[in-house]
Each structure stands twice: as structure tokens, then as C-alpha cells.
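Below is one structure, written out as C-alpha cells; the observations come after it.
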Number of protein chains: 2
Amino acid sequence: MTKRRYGQHCGIARGMELVGERWAILIVRELLLTPRRYTELLRRLPGIPTNVLATRLKELEAEGVIERKVTPRPGSGVVYDLTPYGRELEDILLRLWRWGISALPVSQDSGRPSMDPAVRALQASFRPEMAAEVNAKFEIWFGTFVMHATVDQGRLEIGPGASPAPDLIIDCRSSMTPLLKGDVTADECVESGRFWITGDRELLGLFGDLFRAPSEAAQ
Amino acid sequence: MTKRRYGQHCGIARGMELVGERWAILIVRELLLTPRRYTELLRRLPGIPTNVLATRLKELEAEGVIERKVTPRPGSGVVYDLTPYGRELEDILLRLWRWGISALPVSQDSGRPSMDPAVRALQASFRPEMAAEVNAKFEIWFGTFVMHATVDQGRLEIGPGASPAPDLIIDCRSSMTPLLKGDVTADECVESGRFWITGDRELLGLFGDLFRAPSEAAQ
DNA sequence: CCGGATCCTCGGTGATACTG
DNA sequence: CAGTATCACCGAGGATCCGG
């Protein structure tokens, strides 16, 4: 099994040897939030052939990026998780997310977003430099999904599930992507019916400032 | 020419569609420092087939990552350069460099480093958080190559060529990689003969602090 | 059901030769 | 110098099968 190499003594080339093969980064992406089982990965990566998934998992494990764990729990399952080294990719992936979203076609917003892309989207769009001294609790609804985003002294805590005492609830009747891309303002989202909000409306502008992928890319 | 897609409405997947194909990121890497001609890229990317280079260049151009420019200068050349959008990848590539270098085998240091990897290496290893209030001019020699790194009020200016009035000159008799990886200290590099230095030796420790890829990766 | 392995086809990659 | 043309090969894609 001679892996494809670039033969350059360079960190970038080496990095791409580790996670540059097709589907590899998306597998890492899937493991960013939580460990996953083989069939979960298959389901969450529509289009990946089973043999490619199996091959990538073995390669990533051999390279020390992910770990295969056999859970002793009832039902004896196998889960894949990131190693500490693999988890260091998180920051890179968030930046890649920001970069790539600029080149995303304006979707027809039809595909209702599942939870994880939404969590990642907000996480990647968070701008810490806008959050100094900020304290606010947001709750975001996507149809039947609920997630929370709490900013506490400039730190972001984000994940699925409701917020205990949200200052502002944003009910996304449509995708949040245009807001994150900077194509529209948060106020416009409310005015156009894209968002329905409950709570402290004053925080709406803050939300738009806190979560925004860089727009200089649009040029 | 149907490009390979992932079919996910996700910035990471989209980003990998743009620059995830084989050799694409290394082409971007080559353009990070300066525009390059076709044959320069061929020479600087040993092993890339000419048709693959041609294909990637066309794809990257179509995607808005790079630009093909016909220079009106004598000799009528074609050069490829990053677009502003493509240049936004710089930060991501530097982080990937940091991440990938941890998985680099301890090379036999034989291949004399060309200039650009060295510039990139230092650039990627720079830790701004260590540079507050720092003013220092370094000059680094690699055999016949010379580069400079000037830290001015925490800002780094780095590139090929000598420094006008260096505070410290580091003559690398061997690779700088072990230092950047944190395997050795700057002092040890001098003691072992890996570096020869001229100038203010007091700045040596500072240099080691300023330029160091994160070591928690090693574990 | 889970966690893959196997088989087959197709197209991208790698290597080389060639051209305006 | 800046690519095209040609071709062998192997990895991706897609489906199916299999042991626990």
C-alpha cells in the first residue's frame, strides 16, 4: 500500500499527504464534533464509497490523525475519534470553512440544514475580535433543531440544544448563510422574514457582528 | 470536464473542491511569495506531470484562485499569480505547514534547502504573541542563500536577501527544522555546530522563542 | 443491523513525447 | 517558453456480498 507522496520536505506537502486525499478532510470534519461509527460516517458523507471510507480510516489511523476505538459497551461498537494531533486540524478546518463559503453558490436553501453543519457554520464564523467584553446568550432554531451560542467574556461556547436563559432567540425560517457571508444584515433578515426573533432585539446587530465570515473575499 | 465534487453545501467541502485536488495546494504555495511562470512551476514542483500542471492552472483560474497574466514586457512571458481571493489561503497554508511539519520525518538534512521553503518555514513558525514590543533584525544564511527577518513592534517582515543592519546573523550549517519543531534549543544549535552566529548573541534565545512551531503536537 | 471486503468500470494521474 | 497529445495504470465510484 504505497501511499501517494509528493516527495518534498515541506510541512504543507506533508500535511496534504496526511489529509489531502479525497474525502479525508471531510472525515476529519465529521469527527470534529464527536466520535462517529462507521455507518454514521457513511450516512453523513453521501457519495463516499464504502471501500474508500475503509481505506481512508485505515490511512488516517496509521498516520496518527484518528483513532479506532472498540467500545466495551453493550452492542460492542466501533467508533472513530480524532487523536490530539488530528484535533489540531480544527482551527485549519474552520478557516477553510470561512474561505470556502465565499465560493459557495447561493443555495436554494431547500435542503433543511442538519445540526452539525449549522454548529460548524456559526463556530467558523465567530469573530473573537468583535466579542471583547461581550456577554450574551443566543438560541437558534432551525425547524426542529435547536442550538445555542453563548458568548461569555469574549469566549464562545456553542453546541446543539437549547440555551437555559437565552437573551435572544433566532428562529431561522431560511438559511443563515447569506448573513454569514455578509450579503445581508441581521436586520434585513428579520425584515425579509428570513429570521423571526424573540427577546432582546438590541442584540440582533451584535449577533450579526459576532458571526460573519470575512467579506473581503467577495470583492 | 466535469470537476470532481462532493455535493455538500459546506464551506469545507467547497474549499476542497477548489484546492483539494492533487498538486493544487502546492501550486498555490509556490505562488505565495511571487508570481511564477509555467516552467518555473514545473521546476519547483518536481514530479508534477506537465498536463496535470496545465489542468490545475486552468481549474484554479476558472475558480478565481489564480490569475493568468501575459506580461507585455520584452520576451512576452506568461505568469501566474494569486488573486486576492487566492491570497486569503496564505494563513491557512501557514497553519497547515505548522501542522504538517510535526509529521515530517527527521530528514537527513542532505538536500540543501532552496530559499522559498526556508522563507515559508520561518514565516509559518513566527509566533506574534512572543513578539510584542520586540525590535530585532535577523539575517539567516543557508549556504549560498541569504534571507532576512525583521521584527518591528511585533510585526514580521521576512524575505530573501540580506538585512541592511542585522543585529544577529545566523549561519545555518544544517537545517533549521529541528529548532522550529522544538526538538532543540537555539543555544544547542550553536553548541552543536548546527548554527554559527555573528552579532548579538543575547538575541539568540529570542530568535528561538519567536520562531517555533507548536510542540504540543509531538506528544 | 454493524463493519467492512470484493468486484467491476471509468476517469484522473503519472510519465513521456511532441508542437506552436 | 508554454503548453498538447498519447497512453498505461491505479484509485475513485458504485454495487453487491459476507461474517459477526
Side-chain angles (χ1 to χ4, degrees), chain A residues 1-8 13 16-28 30-31 34-63 66-81, chain B residues 1-8 13 16-28 30-31 34-63 66-81:
Chain A
M1 186 193 292
T2 58
K3 277 287 308 289
R4 236 111 154 252
R5 301 187 181 274
Y6 288 110
Q8 295 189 10
M16 288 310 283
E17 288 174 358
L18 296 184
V19 296
E21 311 241 352
R22 193 151 167 75
W23 293 105
I25 282 213
L26 297 190
I27 293 172
V28 172
E30 287 306 318
L31 300 180
T34 179
R36 297 285 183 192
R37 313 179 61 116
Y38 186 87
T39 43
E40 282 182 306
L41 291 172
L42 267 186
R43 183 171 43 81
R44 305 173 71 87
L45 297 170
I48 190 175
T50 69
N51 56 348
V52 172
L53 176 58
T55 303
R56 289 294 166 273
L57 289 174
K58 269 182 283 203
E59 290 168 351
L60 290 172
E61 189 190 6
E63 292 154 349
I66 69 172
E67 244 175 329
R68 184 191 140 110
K69 298 175 180 173
V70 180
T71 68
R73 295 183 305 173
S76 77
V78 176
V79 296
Y80 294 91
D81 194 5
Chain B
M1 187 192 291
T2 58
K3 276 287 305 292
R4 232 104 156 262
R5 300 185 183 276
Y6 288 109
Q8 296 190 8
M16 287 311 283
E17 287 174 359
L18 296 184
V19 296
E21 312 239 353
R22 195 153 164 74
W23 292 104
I25 281 213
L26 297 190
I27 292 172
V28 173
E30 287 307 317
L31 300 180
T34 180
R36 297 286 184 191
R37 313 181 63 118
Y38 186 87
T39 42
E40 282 182 306
L41 291 172
L42 267 187
R43 183 170 43 80
R44 304 173 70 86
L45 296 170
I48 189 174
T50 72
N51 56 350
V52 170
L53 176 58
T55 304
R56 290 294 168 273
L57 288 173
K58 270 183 281 204
E59 291 167 350
L60 290 171
E61 189 189 8
E63 292 154 350
I66 69 172
E67 243 176 329
R68 185 191 139 111
K69 298 176 179 171
V70 179
T71 68
R73 296 183 305 171
S76 78
V78 177
V79 295
Y80 292 91
D81 195 5

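Chain identifiers are assigned alphabetically (A, B, ...) following the order of the sequence lines, protein sequences preceding nucleic acid strands; residue numbering begins at 1 within each chain.
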**Study point:** Evaluation steps, side-chain contact (heavy atoms from CB on, under 4.5 Å), between A:I66 and A:R68
**Key:** CA-CA 7 Å; A:I66 69 172; A:R68 184 191 140 110; over 6 Å; no
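- Side-chain atoms of A:Y38 come within 3.5 Å of backbone atoms of A:T50 as a donor-acceptor pair (strictly under, hydrogens ignored).
- Taking atom CG of A:L57 as the reference point, atom P of C:dC2 lies 15 Å away to the nearest angstrom.
- Nearest to the side-chain atoms of B:R68 among the listed nucleotides C:dG4, D:dG3, C:dC2 stands D:dG3.
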Point to revise | Chi angles and distances behind the side-chain contact (heavy atoms from CB on, under 4.5 Å) call for A:L45, B:Q8 | key: CA-CA 9 Å; A:L45 297 170; B:Q8 296 190 8; 3.9 Å; yes
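- A sub-4.0 Å separation between OP1 or OP2 of C:dC2 and a side-chain N or O of A:Y80 is absent.
- Looking only at side-chain heavy atoms (C-beta outward), B:R22 and B:V52 stay at 4.5 Å or farther from each other.
- If you check every strand for non-hydrogen atoms under 4.0 Å, A:R43 touches nothing.
- Following rounding to the nearest Å, B:L42 (CG) and D:dC1 (P) show an atom-to-atom distance of 10 Å.
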**Study point:** CA sep, side-chain torsions, deciding dist, call: A:L31, A:L41, side-chain contact (heavy atoms from CB on, under 4.5 Å)
**Key:** CA-CA 9 Å; A:L31 300 180; A:L41 291 172; 4.2 Å; yes
Point to revise | Contact letters for nucleotides 13-19 of chain D, in which S counts primed atoms plus P, OP1 and OP2 and B counts the base, heavy atoms under 4.0 Å | key: BBB----
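- Regarding B:I27, its CD1 atom lies at a distance of 12 Å from the P atom of D:dG3, rounded to whole Å.
- Here the C1' atom of nucleotide C:dT13 and the CE atom of A:M16 are 15 Å apart, to the nearest Å.
- Note: CG (B:L26) to P (C:dG14) measures 11 Å, nearest angstrom.
- Taking only side-chain atoms of A:V78, from C-beta outward, the nucleotide of C:dG4, C:dC2, D:dA2 with the closest atom is C:dG4.
- Whole-Å rounding puts the B:R36 CZ to D:dC1 C1' distance at 16 Å.
- Close to C:dA5, at under 4.0 Å from its OP1 or OP2, lies a side-chain N or O of A:K58.
- Axis deviation across the helix from C:dC1-D:dG20 to C:dG20-D:dC1 amounts to 30°, comparing end segments of five pairs, rounded to 10 degrees.
- If you take CG on B:L53 and CG on B:L26, they are separated by 11.5 Å, rounding to the nearest 0.5 Å.
- Nucleic acid contact class of B:R56 (heavy atoms, under 4.0 Å, all strands): sugar-phosphate only.
- Using a 4.0 Å cut-off between charged nitrogen and carboxylate oxygen, B:R56 and B:E59 count as a salt-bridge pair.
- Nucleotide C:dG4 holds its C1' atom 13 Å from the CG atom of A:L41, rounded to whole Å.
- We find that CD of B:E59 is positioned 14 Å from P of D:dG3, with the value rounded to whole Å.
- Distance alone, capped at 3.5 Å, is enough to place a donor-acceptor pair between the A:E17 side chain and the A:Y6 backbone.
- For B:R44 and B:E30, the salt-bridge test passes: some basic side-chain N is under 4.0 Å from an acidic carboxylate O.
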